[in-house]
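Worksheet: one structure, shown below.
Reminder, nothing fancy here: chain letters follow the sequence lines and each chain counts from 1. Side chains included, hydrogens not; waters and symmetry mates left out as well; all remaining heavy atoms used.
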Amino acid sequence: MNAFGATLARDLRLALRGGGDVLTLVLFFVIVGVVVPFAVGPDQALLARLAPGMIWIAAFLSMLLGLDRLFRPDHEDGTLLLLRQADLPLPAIVAAKLVAHWLLAALPLLLASPLLALLLSMDLASFWRTLLSLAVGTPALAAFGAIGASITVGIGRGGLLAPILIAPLSVPVLIFGVGAIPAGPGPDQSGSALLFLAAISLIACATAPFAAALAINAGED
Amino acid sequence: MSPRQVFPALSLHAQALQCGRGGTVLGRPVDLAVAPGTALLLRGPNGAGKTTLLLTLAGVVEPLEGNFALRGWDPDEGPVLHFCGHRNAVKPRLSVRENLQFWAQVNGGGGLAVPQALEQVGLDMLANLDAGYLSAGQGRRLALARLLVSPRPLWLLDEPTAALDRDGHALVGRLIDGQLDAGGLVIAATHDAIALAGPGRATTLTLERAP
Amino acid sequence: MIDLGPHALFIVSAYCGVALVVAALIGWTLLDARRTERRLADLEARGIRRRSAGPAA
Amino acid sequence: MSAMTVVSAPKQRWWNRIAHPGQFVAWTRPLLWPLVLCTALLFAVGLWFAFFNSPQDYQMGDTVRIMYVHVPTAWLSQFVYATMAVSALGSLVWRHPLADVAMKAAAPLGASFTALALFTGSLWGRPTWGTFWEWDGRMTSTLVLLFIYLGIIALWRAFDDQLRGARVIAVFTLVGAVNIPIIKFSVDWWSTLHQPASVFRADGPRMPGSILTPLFVMFFAFTFLFITLQLKSMHTEIKRRRVMSLERRAVQGAADA
């Protein structure tokens, strides 16, 4: 298995064997969703209208939470420094870590979203649409997350800073993400929103590894 | 001993290389000429810039002034060096074998197979143990094993004998000898003496702190 | 003052806000400059000669 | 064996040597006072025009006078980010020591002008739109821009080693610069989607000459203000870096003694 596969397999093995890392993210996702009715009130119609936005906010927050695990452990035990001397250029290694991050942070949320849809009394049609927009949008969140994590890896207590940095960059993803779910009055532009979302995801996933590698190299050791 | 892996004749030359980090100048400008198949031992007090010099040669840190050149290595043959710093880059939750296999795959094997490399550094009995249980010295041996699984001409070692016992020192000597036999270069920053086979194989450079 | 019409309050408070922030910016820049120059003078007075080499002259 | 890889310190190209931080301070210090006078003059003329020599707008009456401050600050919030992006390129590609200093000095100024643009915008919105905050395209993207500025300032404060931090922050500045148009587009799309399009557009396309002149004068006044403050804080930043290296040297000296 070449270096790309090795990095991907190692990250997956570390997280799954690491006990509970994935589970905590899913729990956080569900809790953010469950808290909404307490704050907004149990009125079914209102919840149904808010549901797509709330699921997206829950996914957005829990992906921010999983950011610190991306580069910091490797930086602290010296692996990141050695990965620069690997057979594969650093952007490719970062791409492998990005894929692992999506599999560990975003995929579990997609699998857990039916539970939230049930709790927020979403109808089946808009649930499938939400799932689709999440699947298309979360790679962009993972890509921006990788950039944010690589920038703050060099800072001692930078863990809190990455979410602040990438929240503004993720505004378009949220807008088109929720926009891709047809809801309520007004012109139905969910089709075009989904296309914009896909475009942003593709651009982000294509450029993030290079930007992240550049930030890691610029950070020196 | 290590397989006869003949590297192209490689030599390292530096002219008035001034290293530093975060804008602070460390040590004095350094002139180096490391002939193929020889080792360079860096001595000097703490803070004399030994680690920074190694990081500069590894291309991680940028030299402030002067330059260094690696003659005899074609850049598109891939990475040329191994850096072995204070941190062993060992994942506690992976087993010893998995750790080494990862490095073999990432650095592109070609050297010793994983079991033989573990045997060389005396960790073959602990192959299935989680690396978290290793002692500092054993972790150091695992880091050294990484150098064996994917042969590279230039070794940059930062205190390789740290946390190692007496036969650990002998092991380091043997590994460096093996590398020099294969025509590679070794630059090691170390406080304790490293016993090499021949006297002529190692030159010593003592760095002092900046004035 | 000329008559600023019914919404005079908004106009005046806009300009006051701008004046306040600009004054704060200028004040902070000057304060920061003076403080750094004083620290620099102290350090150089204490005779810590900086080696002539080094990029950040 | 001709194959050889040479790694050398970034060779001091001619404009690196010329714009050496030390020389930069010496060369630009004489510029400071003329700039200050020029800014003061521009502001005086601008304010006089704004209040005493321009008509009311036929629709909005006197509230149009807020535009003389709102438009320049809004434009500056973009212009300062553009200068930061250019400095980021200079710092990453040519490793220019002054680029890091310029980038760091510009961030707080950009944030302040963006905050001013939002403040004056909401004050202008109250009489014209009836609410202090209107989620319209331009205002919202300015708000997001403010958060990017604050993120960059937080980054500068988080890095204890400024020299190493500069290039990492340059990467983020460039990533931000690439994303700003996307954000602007998505926010415009979003605001038109959710809001009936009949919102009253505050500044009509054609503005009579008498309104344009104060706008231009204030425009240059604010730009000169930015340039003056930018120069002054760059000088301070260069001195601060010298203080830090002297302090480190003092620590090393103490360790020797």
Side-chain angles (χ1 to χ4, degrees), chain A residues 53 140 143-144 146-180 182-190 192-193 196-197 199-200 203-204 207-208 210-221, chain D residues 81 88-89 91-93 95 100 111 114 135 137 140-197:
Chain A
F144 289 136
I147 295 177
S150 66
I151 281 167
T152 56
V153 74
I155 310 173
R157 61 231 174 284
L160 282 179
L161 206 51
I164 295 171
L165 290 182
I166 69 164
L169 304 182
S170 315
V171 161
V173 178
L174 275 176
I175 287 177
F176 289 126
V178 182
D188 177 12
Q189 292 199 316
S190 56
S192 53
F196 283 129
L197 190 64
I200 291 178
I203 299 171
T207 51
F210 297 98
L214 188 60
I216 290 171
N217 283 329
E220 286 168 359
D221 193 69
Chain D
Y81 201 92
L89 267 179
S91 151
L92 267 180
V93 175
R95 283 193 172 58
D100 313 346
T114 315
W135 286 98
T140 319
S141 44
T142 314
L143 183 65
V144 174
L145 180 60
L146 178 62
F147 287 133
I148 295 179
Y149 271 119
L150 296 177
I152 288 175
I153 294 173
L155 257 179
W156 275 112
R157 300 174 69 85
F159 268 101
D160 29 33
D161 171 3
Q162 300 293 307
L163 282 174
R164 184 167 63 88
R167 298 217 336 275
V168 177
I169 295 171
V171 172
F172 179 71
T173 309
L174 289 177
V175 166
V178 166
N179 274 285
I180 283 176
I182 300 177
I183 292 172
K184 204 175 281 297
F185 170 75
S186 66
V187 165
D188 280 345
W189 179 89
W190 166 80
S191 66
T192 49
L193 182 71
H194 288 279
Q195 204 187 0

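Of the residues Thr173(D), Leu174(D), Asp100(D), the one that meets the side-chain contact (heavy atoms from CB on, under 4.5 Å) test with Ser91(D) is Asp100(D).
Residues Ile148(D) and Ile180(D) meet the side-chain proximity criterion, which asks for heavy atoms closer than 4.5 Å. Side chains of Tyr81(D) and Ile152(D) form a contact here, defined as non-hydrogen atoms less than 4.5 Å apart.
With a 4.5 angstrom heavy-atom cutoff, Leu165(A) touches chain D via backbone and side-chain atoms both. Contacts between Val178(D) and chain A at a heavy-atom distance below 4.5 Å are absent for every atom of the residue. For Ile203(A), no part lies near chain D; criterion is any non-hydrogen pair under 4.5 Å. For chain A, no part of Leu145(D) is nearby; none of its heavy atoms comes within less than 4.5 Å.
A donor-acceptor pair is defined here as one N or O able to donate and one able to accept, closer than 3.5 Å; such a pair exists between the side chain of Arg164(D) and the backbone of Gly219(A).
Note on ring orientation: taking the six-membered ring where Trp is involved, the planes of Phe176(A) and Phe185(D) are tilted (angle from 30° to 60°).
Listed options Leu169(A), Thr207(A), Ile164(A), Val171(A) were ranked by heavy-atom pairs under 4.5 angstrom with chain D; first place goes to Leu169(A).
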